[in-house]
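Here's the structure, in structure tokens; my notes come after.
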Amino acid sequence: MTDTAATGNNFIRDKIQRQIDAGELRGSEVQLRFPPEPNGYLHIGHAKSICLNFGLAEHFGGKCNLRFDDTNPAKEDLEYVDSIQDDIHWLGFDWSGEIHYASGYFDTLYDYALHMIDNGDAYVDSLSPDEAREYRGTLTEPGKNSPYRDRSPTENRQLFEAMRSGELEEGSCALRAKIDMASPNMNMRDPIMYRIRKVPHHQTGDKWCIYPSYDFTHGQSDALEGVTHSLCTLEFEDHRPLYEWFLTKLPVPAQPQQTEFGRLNINYTVTSKRKLRLLVDQGHVAGWDDPRLSTITGMRRRGYTPAALGNFCEAIGVGRSDGVVDMSMLEHAVRGDLDKNAPRAMCVLDPLKVIITNYPADQSEEFIAAGHPNRDDLPSRTLPFSRELYIEQDDFREEANKKFKRMVIGKKVRLRNGYVLLAESCVKDTVGNIVEVHCSYDADTLGNDPADGVKPKGVIHWVDAKAGKRATVRLYDRLFNDPTPDRGEGEYLDKLNPESLRVVENCWIEPSLADAAPEDRFQFERTGYFVADKLDHSADKPVFNRTIGLRDSWASQGSA
RNA sequence: UGGGCCGUCGCCAAGUUGGUAAGGCUCGGGGUUUUGAUCCCCGCAUGCGCAGGUUCGAGUCCUGCCGGCCCAGCCA
């Protein structure tokens with residue numbers, strides 16, 4: 001069982017199922033939506049939301065649409081509108097119907113605002129932002145009514161229209177809902193419905209200079225789209241009374257219900273758009289798609305797969321507590337999918353030359369190696385072999401105890417997919433570094449154990465020195481040394497892991513790898529999972545990113 | 001010291017009307033293996049934040065504490 005896709009916990013799925021069982025709605029009527037604000041790149045937390053929303057729609061045979069929650073043009077950009085679509089598609093989902101934009105409802109929302117003004121449920125407040133803050137009160141003290149709170153519907157209408165026409169300055173006034181300045185729920189203390197922002201919008205251009213707030217937009221947008229279940233994270237729980245209040249005050253076509261779930265946090269990484277942006281802007285990483293980032297595009301470049309992310313989201317479940325998931329869970333999901341699907345290949349990262357003294361210099365041959373140990377549907381590959389090859393420095397020792405199952409002088413070791421070798425001697429440079437190992441090979445050991453019945457304990461990977469190709473390999477490690485860089489503000493930049501990226505030039509890869517296309521994934525046997533870089537890889541200059549190492553019980557036991 | 005929410009094994013997380021603690025991750029032990037990988041077995045909470053109470057019986061009900069998260073943007 002490499003994944004638990006069928007058993008993940010999800011209280012929302014259960015809740016909808018109960019509603020269906022109770023005959024309150026049909027599965028085909030389930031309507032969800034994924035509502036990102038296009039102000040940054042999507043990250044692993046969004047992946048959870050995407051898998052939840054689109055996954056629920058698939059599960060019940062309902063629908064899920066994409067809606068950009070674009071009510072704050074000052075922070076948004078078309079670049080993000082595009083990247084978000086790419087990320088959703090890459091994850092394997094597609095939205096039903098056309099893409100929706102909250103900005104597409106601006107006309108309707110404006111009419112809704114007028115409706116509320118006419119009913120005495122909204123007023124134009126001329127308090128400055130600073131004054132408004134003072135009037136709002138504090139967490140323990142009630143706020144007080146604005147002196148402009150009792151303006152007549154007629155006056156409010158004129159003022160609101162003036163706001164819209166551009167006659168009024170930013171900050172000079174705002175449209176607010178008339179609810180209760182003494183409410184213990186801060187969100188109900190006459191929340192802002194519209195504010196003046198004289199900036200162009202990426203979708204509506206300069207048509208508007210007033211923009212609706214999240215609270216006045218989200219629920220109505222949901223209703224307009226016929227959304228039955230509006231899912232959001234826990235911090236919006238306090239907004240639910242307001243979400244429902246607007247819905248009861250307006251002639252909306254549906255009554256969506258908001259349900260909150262716990263945000264996803266993973267240790268050793270950050271999932272806050274603000275913090276991610278800072279890492280990018282200050283150059284701590286190479287961009288939004290840096291493989292060390294938990295952005296979807298970054299994980300993609302790192303070599304993670306959509307299936308791995310989906311399995312991970314299913315495995316962590318959906319609940320209402322705000323915990324921190326172990327990075328090991330994500331890694332488990334990634335290894336699980338890659339182990340099942342990634343073709344095998346060999347790559348030597350830290351080369352040590354081996355010369356097979358009893359193998360003729362002018363001779364060579366080709367081995368056929370399986371593409372995958374337990375999948376014959378993956379094509380096999382050809383491994384050229386000759387007198388000289390490279391193995392990993394770490395795989396050789398002049399002498400070692402029995403626990404070391406690799407190449408040791410006087411001992412036998414098996415070349416993966418090849419012969420059994422007997423190490424005889426090694427050559428050192430003037431400072432004592434081992435630069436070459438001399439061995440003899442046993443010609444009868446291709447596919448069988450040595451005739452003497454002594455089976456080598458170890459198997460090592462290798463690359464033929466003549467036929468092998470050079471490659472650059474980028475070894476990634478966690479971006480932060482601290483398990484919770486996301487906690488609190490500031491100082492998370494001090495917790496950056498200075499060794500999060502190690503670039504290794506001049507690695508040796510088996511020739512079959514020269515055919516790799518960007519984004520092709522492999523398991524370099526005994527080393528880890530790697531992906532040909534999406535942007536920098538080419539047959540002439542191969543570049544592989546390490547997605548994740550293999551589990552290594554030997555290393556974790558403290559080697560020898 | 002206002003309001004809302006949360007607290008079950010190191011980490012996620014089940015536990016519908018009280019009936020005697022799922023599963024996954026991690027970790028430890030063993031088996032298979034031309035990847036010290038995968039895979040396969042086995043082990044890992046007499047206890048469910050704490051303290052009382054109700055009950056034949058409570059993680060599930062009651063009371064009181066303790067701890068954590070969110071809210072005072074004309075951000076979402």
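Each chain gets a letter, A, B and so on, in the order its sequence line appears, and its residues count up from 1.
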With sequence neighbours excluded, residues passing salt bridge (charged side-chain N to carboxylate O under 4.0 Å, His left out) with A/Glu79:
none
If you draw the axis of the six-membered ring of [Y], does the NZ or CZ of [X] fall within 45° of it and under 6.0 Å from the ring centre?
| X | Y | answer |
| --- | --- | --- |
| A/Arg478 | A/Tyr268 | yes |
| A/Arg406 | A/Trp554 | yes |
| A/Arg546 | A/Tyr529 | no |
| A/Lys275 | A/Tyr492 | yes |

Picking from [options], which would you name as closest to the side chain of [X]?
| X | options | result |
| --- | --- | --- |
| A/Glu37 | B/U35, B/A76, B/C25 | B/A76 |
| A/Met329 | B/C11, B/A37, B/U38 | B/C11 |
| A/Ser553 | B/A22, B/A37, B/C11 | B/A37 |
| A/Lys75 | B/C75, B/G36, B/G24 | B/C75 |
| A/His332 | B/G24, B/C75, B/G36 | B/G24 |
| A/Asn9 | B/C74, B/G36, B/A14 | B/A14 |
| A/Arg526 | B/A76, B/U26, B/G36 | B/G36 |

Whether [X] contacts [N] is assessed here as follows: a side-chain N or O lying under 4.0 Å from the phosphate OP1 or OP2. Is that the case?
| X | N | answer |
| --- | --- | --- |
| A/Thr527 | B/U35 | no |
| A/Arg133 | B/G73 | yes |
| A/Ser321 | B/G68 | no |
| A/Arg551 | B/U38 | yes |

In the strands shown, is [N] matched to any nucleotide by a Watson-Crick or G-U wobble pair with both distances under 3.5 Å, and which?
| N | value |
| --- | --- |
| B/C5 | B/G68 |
| B/G52 | B/C62 |
| B/G28 | B/C42 |

My understanding is that only residues two or more places apart in sequence, or in another chain, count here; which of them pass side-chain contact (heavy atoms from CB on, under 4.5 Å) with A/Asp14?
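Here the qualifying residues are A/Arg18.
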Results of side-chain contact (heavy atoms from CB on, under 4.5 Å) for A/Thr271 - residues two or more places apart only:
A/His43, A/Ile44, A/Asn265, A/Ser294, A/Asp486
Work out how far the [atom1] atom of [N] is from that of [M], and round it to whole angstrom.
| N | M | atom1 | value |
| --- | --- | --- | --- |
| B/U55 | B/C62 | C1' | 12 Å |
| B/A72 | B/C65 | C1' | 28 Å |
| B/U32 | B/C9 | P | 36 Å |
| B/G68 | B/G57 | P | 35 Å |
| B/G23 | B/A37 | C1' | 24 Å |
| B/U8 | B/A22 | C1' | 12 Å |
| B/C12 | B/G49 | P | 14 Å |
| B/C70 | B/G53 | P | 36 Å |

May I ask you to decide if the ring planes of A/Phe524 and A/Phe530 are parallel, tilted or perpendicular, using 30° and 60° as cut-offs?
parallel
Go through it in stages, so that I can follow the logic: the residues are A/Lys75 and A/Glu37, the test is salt bridge (charged side-chain N to carboxylate O under 4.0 Å, His left out), and I'd like the CA-CA distance, side-chain angles, deciding distance and then a yes or no.
CA-CA 9 Å; A/Lys75 293 187 174 176; A/Glu37 181 189 14; over 6 Å; no
I need the [atom1]-[atom2] distance between [X] and [N], as an integer number of Å.
| X | N | atom1 | atom2 | value |
| --- | --- | --- | --- | --- |
| A/Lys275 | B/A76 | NZ | P | 21 Å |
| A/Lys405 | B/U33 | NZ | P | 12 Å |
| A/Ile16 | B/U16 | CD1 | P | 20 Å |
| A/Arg406 | B/A37 | CZ | P | 11 Å |
| A/Glu331 | B/A37 | CD | P | 16 Å |
| A/Phe216 | B/C74 | CZ | P | 16 Å |
| A/Leu264 | B/C6 | CG | P | 19 Å |
| A/Met327 | B/C12 | CE | C1' | 15 Å |

Taking N and O atoms by type only, does the side chain of A/Arg344 place a donor or acceptor under 3.5 Å from a partner on the base of B/U35?
yes
Between the base of B/A37 and the side chain of A/His461, is there a donor and acceptor pair under 3.5 angstrom?
no
Please tell me whether [X] and [Y] have a donor and an acceptor in their side chains that are separated by less than 3.5 angstrom.
| X | Y | answer |
| --- | --- | --- |
| A/Ser83 | A/Asp87 | no |
| A/Asp444 | A/Asn448 | no |
| A/Glu260 | A/Gln258 | yes |
| A/Ser230 | A/Arg33 | yes |

Assess whether a salt bridge exists between A/Asp222 and A/Arg67, defined as any Lys/Arg side-chain N lying under 4.0 Å from an Asp/Glu carboxylate O.
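A salt bridge links A/Asp222 with A/Arg67.
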Would you classify [X] as touching base, sugar-phosphate or nothing, given that sugar-phosphate means primed atoms plus P, OP1 and OP2, and contacts are heavy atoms under 4.0 Å?
| X | value |
| --- | --- |
| A/Lys455 | sugar-phosphate |
| A/Val324 | sugar-phosphate |
| A/Leu168 | nothing |

Proximity to RNA chain B (any heavy atom under 4.0 Å), residues of residues 370-384 of chain A only:
A/Pro373
Does anything in residues 186-199 of chain A come within less than 4.0 Å of RNA chain B? Heavy atoms only, and list the residues if so.
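The stretch gives A/Met186, A/Ile192, A/Arg195, A/Arg197 as the residues lying under 4.0 Å from the strand, ordered by number.
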State yes or no: are the ring centers of A/Tyr105 and A/Tyr112 separated by less than 6.0 Å?
no
Tell me if the aromatic rings of A/Tyr243 and A/Phe236 count as close, with their centers under 6.0 Å from one another.
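No - the distance between ring centres of A/Tyr243 and A/Phe236 does not fall below the 6.0 Å cut-off.
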Nearest heavy atom decides the nucleotide; on that basis, is A/Arg335 or A/Asn417 closer to the 5' end of RNA chain B?
A/Arg335
Using the closest heavy atom to pick a nucleotide of RNA chain B for each, name whichever of A/Ser328 or A/Arg136 lands nearer the 5' end.
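It is A/Ser328, whose closest nucleotide lies nearer the 5' terminus.
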Can you name the atoms? Protein N/O to nucleotides 3-5 of chain B N/O, anything below 3.5 Å, with the distance.
unit_1, atom_1, unit_2, atom_2, d
B/G3, N2, A/Asp238, OD2, 2.7
B/C5, O3', A/Arg320, NH2, 3.3

Syn/anti state for B/G73 [syn: chi within 90° of 0]:
syn
Are the ring of A/Trp554 and the six-membered base ring of B/G36 within the stacking cut-offs of under 5.5 Å and under 30°?
yes
